[in-house]
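If you read the sequence from its start, that first residue is 1, and numbering goes on from there.
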Amino acid sequence: LKSRFFLILLFSLTAVGVSLSISFSYYLNASRLELLDLQLRDSAITLVNSELSDIKKINFAEAEQLISEELGSDRIGKVFIIRNDNDEILFKSGSASLMDIDPPRSPQTYSYTVKDQTVRVLNLKLPKRPGRTLQIGAVLDPSLFEWGLMSNKLAVYLLITIIPIFIFSLALTNYLL
């Protein structure tokens, strides 16, 4: 009877702890994506309001310099592509060329995986230049979408969660019985 009561307590508390951990992880990942989308949108608004959308014929050196001037340190970790309505790439930043990224123009916000790298992409039409789409992407941590990875941090977190549950179940069993 004592071992049965202990196992019931252990399994129920473990189930509650694991379900809370998983739901909290999903919430944190969703919050991280929202924050990343907000950062991409802020960068896009800055570039749309800059001279980048006025360039008649895209000059790669001038566009790279303009992006760097407008965004400053916010440019780090981001890729930039300008396309026309025929899906031809008019401008591709150096980081986008290195990654060999070619994301589609729709939907407006999505995640795109290429060469074991995940990129969060925002597609935005340039209002001053009809027929042009600005694509801004940010390189993501691969563990954000791959739940199969058992990292050291996750293993330590599970141990920190399960050991107190085990001790609490044992103490509660001894106290109640």
Task: Point-to-point distance, once rounded to the nearest 0.5 Å, from OG1 of T133 to CD1 of I82 - done: 10.0 Å
Open item on the list: Could you measure the distance from the CD1 atom of I136 to the OG1 atom of T46? Nearest 0.5 Å is fine.
Closed with: 8.5 Å
Open item on the list: Show the nearest heavy-atom pair for residues N123 and P107, with the distance to one decimal.
Closed with: ND2-O, 2.8 Å
Open item on the list: For the CG atom of D37 and the OG atom of S111, what is their distance to the nearest 0.5 Å?
Closed with: 8.0 Å
- [ ] Could I get the full list of side-chain hydrogen bond (donor to acceptor under 3.5 Å, both in side chains) partners for N86, not counting sequence neighbours?
- [x] none
Open item on the list: Which heavy atom of R120 sits nearest to which heavy atom of L40, and what is that distance?
Closed with: O-CD1, 3.4 Å
When the side chains of residues 6-20 are checked against the rest of the protein, which donor-acceptor pairs come out under 3.5 Å, sequence neighbours left out?
{"residue": "S12", "atom": "OG", "partner": "I8", "partner atom": "O", "Å": "2.9"}
{"residue": "S12", "atom": "OG", "partner": "L9", "partner atom": "O", "Å": "3.1"}
{"residue": "T14", "atom": "OG1", "partner": "L10", "partner atom": "O", "Å": "2.6"}
{"residue": "S19", "atom": "OG", "partner": "A15", "partner atom": "O", "Å": "3.0"}
{"residue": "S19", "atom": "OG", "partner": "V16", "partner atom": "O", "Å": "3.0"}

- [ ] Please report the shortest heavy-atom distance between Q39 and K78, naming the atom on each side.
- [x] O-CE, 4.5 Å
- [ ] Would you please name every residue forming a side chain to side chain contact (heavy atoms under 4.5 Å, CB included) with I163, sequence neighbours left out?
- [x] L159, I167
TODO: Spell out, yes or no, whether V119 and L38 are grouped together once hydrophobic residues are joined by side-chain heavy atoms under 4.5 Å, including indirect joins.
DONE: no
Task: Distance (rounded to the nearest 0.5 Å) between S23 OG and L28 CG - done: 9.5 Å
Open item on the list: Assess the residue pair R83 and E88 against the criterion (side-chain contact (heavy atoms from CB on, under 4.5 Å)); give the C-alpha distance rounded to whole Å, side-chain angles, the decisive distance to 0.1 Å, and a yes or no.
Closed with: CA-CA 5 Å; R83 294 178 178 269; E88 296 171 343; over 6 Å; no
Open item on the list: Can you confirm whether Y110 is buried at OH, in the sense that more than 12 heavy atoms of other residues, nucleotides or ligands lie under 6.0 Å from that atom?
Closed with: yes
Task: Approximate separation, where rounding is to 0.5 Å, of R41 CZ and L36 CG - done: 12.0 Å
Open item on the list: Using every non-hydrogen atom in the two residues, find where L122 and A44 come nearest and quote the distance to one decimal.
Closed with: CD2-CB, 3.8 Å
